A.B. asks: 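Supplied in structure tokens, the structure appears directly below.
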Amino acid sequence: MCGIVGYVGNRPATKILVEGLARLEYRGYDSAGLAVAHRKALRTTRAVGRVDDLRAAVGDDESPGRTGIAHTRWATHGEPSERNAHPHTDAAGRIAVVHNGILENADELRAKLAAEGVALRSDTDTEVLPHLVARALDGGSPSLEEAVREALRSVEGTYGLVVLDARHPEELVVARNGSPIVLGLGDGEMFVASDVAALVRHTRQVVFLADGEIATLTAAGYEGSRLGPPTTVDMDDADFDLDGHPDFLSKEIYEQPAALQRMLAGRLDARFATARLDGLHLDPRELRGIRRVTFLGCGSALYAGQIGAGLVEELARIPADAEQASEFRYRNPLVDPETLYVAVSQSGETIDTLAAVEELQRKGGRVVGVVNVIGSAIARQCGAGTFLHAGPEVSVASTKAFSSMVTSFALLALLLGRVRDLSSAHGSRLVEGLRRLPDAVETALESADEVEAVARRYADARSMFYLGRVRGAAVAREGAQKLKEISYVHAEAYAAAELKHGPLALIDAAMPSVVVIPDDELLSKNISTVEQIKARGGPVIAVTNAEIPDGLADAVIRVPRLEPELDPILLGVPLQLLAYHCARALGRDIDKPRNLAKSVTVE
Ligand code: G6P
């Protein structure tokens with residue numbers, strides 16, 4: 001969840017590092033720092049706050065050094081402060097380290113180092129690393145790589161790290177165990193980062209490190225014993241531009257039609273009224289053998305999974321559920337060989353989801369990934385699944401990846417349904433609906449002005465309810481999540497019928513309710529929910545594709561009708577816009593909400 005950048009080559013490193021960090025800021029943003037080697041000495045600059053604060057701290061006094069490392073931090077060990085910001089160095093100021101992950105035996109190692117007389121200068125787990133590397137070098141390690149290897153032998157935990165030795169500025173050593181590290185291959189220069197976002201400005205040729213790998217980078221290339229061949233990433237720097245939008249969240253909300261188009265490309269089979277998901281590597285017989293589907297994810301990926309479970313039950317008529325990946329890994333789950341487990345993750349790096357995948361695989365479970373970032377840990381660990389192709393999602397709150405996830409589950413449900421009892425007529429209807437989905441999302445986005453007006457009216461609320469039944473219930477959950485994340489307004493999602501079993505007591509004129517009303521067989525029930533709230537003086541915002549009585553709700557936001565199974569995607573769009581415009585009305589930092597990070601790679 002922190003970001004790492006490193007450079008070795010023949011250009012001054014500082015600018016490259018700072019620009020790279022800016023690309024990674026969405027991974028963590030409470031402090032930042034860099035170290036550049038020049039004339040056998042390190043120049044280290046660290047700052048609390050954003051990458052711009054680091055840029056200001058560097059000022060015009062830039063080191064001419066051509067090798068350096070940098071980091072943007074999201075605090076785990078130790079408060080956000082300059083002394084806790086990375087890079088951390090050894091006592092002599094020779095070795096600098098940037099690190100993502102958590103060293104679990106850091107307290108023990110810190111105590112040992114302190115007992116040996118080492119003065120520790122931060123509260124972090126990371127700081128032990130430069131001291132251990134320096135000690136290994138002093139003890140006669142023949143190379144920096146060997147010294148890093150030796151240091152890593154005494155640590156337990158996860159890391160993606162880059163090490164710089166002031167006396168050997170011609171090289172960087174990188175290592176990975178549980179936190180992503182990717183090398184970028186330049187011409188006479190090498191880059192390293194925790195995320196390809198920081199690399200694509202310079203190169204699209206990358207090498208992903210696997211767990212346990214260590215490599216040495218020089219301007220001429222890289223060496224490591226078990227590195228795979230380079231791959232070409234299919235994104236470029238323009239994918240990380242705002243493209244005229246005030247923030248990435250807005251850009252990503254409006255990119256949804258194009259993202260869904262990419263998700264669906266080549267995956268709709270009109271002839272056989274089914275979906276093609278070749279990446280699952282499951283033949284029809286294996287698909288038929290699946291007795292249950294369990295989705296695993298965190299945050300929005302979990303809510304997407306809940307919608308997916310509904311779709312699988314509805315279309316394939318096999319039991320399906322969605323579970324918090326974080327709970328699954330610790331509760332000694334019953335792993336069933338006839339269940340298809342689906343690990344859902346935009347980043348492909350969420351540690352809880354990754355750990356759930358590993359636990360499943362240890363127990364012989366069959367797990368596929370639904371992931372956006374190609375080359376990510378979950379994608380690699382699963383080895384099979386569906387890529388979302390939503391393009392880079394930079395804003396912390398997920399929008400286009402969420403819609404793409406749900407769309408991919410509609411495809412999965414269709415595929416599972418069609419090897420069972422789903423008729424070809426029903427399949428055709430869905431294939432056609434999915435084909436029209438991107439345009440329908442485009443139309444749903446036209447509600448933006450109305451939603452903005454509603455947001456202005458209700459953004460001052462201290463709390464809001466989000467209510468829905470069945471198809472609308474998971475939509476409500478994700479809607480509430482969006483509002484909490486980016487506007488900091490408390491929101492609680494409820495299955496609408498549960499309202500009268502307690503929460504109705506909270507309804508008054510100051511508590512708006514957002515009611516999700518699909519045009520389905522539960523329409524009249526949802527209308528009576530609205531009436532119950534109105535009778536108690538609560539304001540209601542209805543989000544619907546149904547005909548509802550005039551004057552029923554205080555505000556009505558309409559989305560187009562498509563196929564009922566796809567309602568959750570369309571009804572979700574105004575809820576993204578509502579959260580967005582509430583956050584704007586409240587002047588929030590939309591792309592980087594306080595305390596959150598885009599991908600949570602620590603527990
Ligand atoms: C974090 C983000 C959420 C996201 C969740 C899962 O909590 O703030 O927006 O939904 O992680 O992320 P993933 O990359 O696994 O989908």
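What you see is a predicted model, and the numbers here were worked out from it, not measured in a lab. The first residue in the sequence is number 1, and the count goes up from there. Whatever order the structure lists ligands and atoms in, that order sets their numbers, starting from 1. Because only heavy atoms are used, hydrogens play no part in the values below, and waters and symmetry mates are left out as well, while side chains stay in.
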A.B. asks: Indicate whether any N or O donor in one side chain lies under 3.5 Å from an N or O acceptor in the other, for Glu82 and Ser31.
C.D. replies: no
A.B. asks: What protein heavy atom sits nearest atom 12 (O) of ligand 1, and how far away is it?
C.D. replies: Thr350 OG1, 3.4 Å
A.B. asks: What protein heavy atom lies closest to atom 16 (O) of ligand 1? Include the residue and the distance to one decimal.
C.D. replies: Gln346 N, 2.7 Å
A.B. asks: Which atoms of ligand 1 are found less than 4.0 Å from any heavy atom of Ser345?
C.D. replies: 13 (P), 14 (O), 15 (O), 16 (O)
A.B. asks: Show which atoms of ligand 1 fall inside a sub-4.0 Å distance from at least one heavy-atom site of Ser300.
C.D. replies: 10 (O)
A.B. asks: Tell me whether Asp52 is salt-bridged to Arg55, with the criterion being a basic N under 4.0 Å from an acidic carboxylate O.
C.D. replies: yes
A.B. asks: Look at the aromatic rings of His71 and His86 and report parallel, tilted or perpendicular, splitting at 30° and 60°.
C.D. replies: parallel
A.B. asks: Does Met405, backbone or side chain, put an N or O under 3.5 Å from an N or O of ligand 1?
C.D. replies: no
A.B. asks: Do any N or O atoms from the side chain of Arg46 and from the backbone of Ala85 form a donor-acceptor pair under 3.5 angstrom?
C.D. replies: yes
A.B. asks: Which heavy atom of the protein is the closest neighbour of atom 7 (O) of ligand 1, given with residue, atom name and distance?
C.D. replies: Val600 CG2, 3.9 Å
A.B. asks: Does this structure show an ion pair linking Glu19 with Arg23, if we count only N-O contacts that are shorter than 4.0 Å?
C.D. replies: no
A.B. asks: Is it the case that the side chains of Thr294 and Glu323 hold a donor-acceptor pair, with the cut-off being a distance below 3.5 Å and no angle test?
C.D. replies: no
A.B. asks: Which residue owns the protein heavy atom closest to atom 11 (O) of ligand 1, what's the atom, and how far is it?
C.D. replies: Lys598 O, 3.8 Å
A.B. asks: Between Arg594 and Asp589, is the closest basic N to carboxylate O distance under 4.0 Å?
C.D. replies: no
A.B. asks: Answer with yes or no whether Glu485 contacts ligand 1, where contact means a heavy atom under 4.0 Å from a ligand atom.
C.D. replies: yes
A.B. asks: Are Phe208 and Ile374 packed together at the side-chain level, in the sense that at least one heavy-atom pair is separated by less than 4.5 angstrom?
C.D. replies: no
A.B. asks: Heavy-atom contacts under 4.0 Å between Leu596 and ligand 1: side chain, backbone, both, or neither?
C.D. replies: neither
A.B. asks: Quick check on contacts: which atoms of ligand 1 are under 4.0 angstrom from a heavy atom of Ser347?
C.D. replies: 13 (P), 14 (O), 15 (O)
A.B. asks: Nearest protein heavy atom to atom 5 (C) of ligand 1, by residue and atom, and its distance?
C.D. replies: Cys298 O, 3.7 Å
A.B. asks: Tell me: protein heavy atom nearest atom 8 (O) of ligand 1, and distance?
C.D. replies: Ala597 O, 3.2 Å
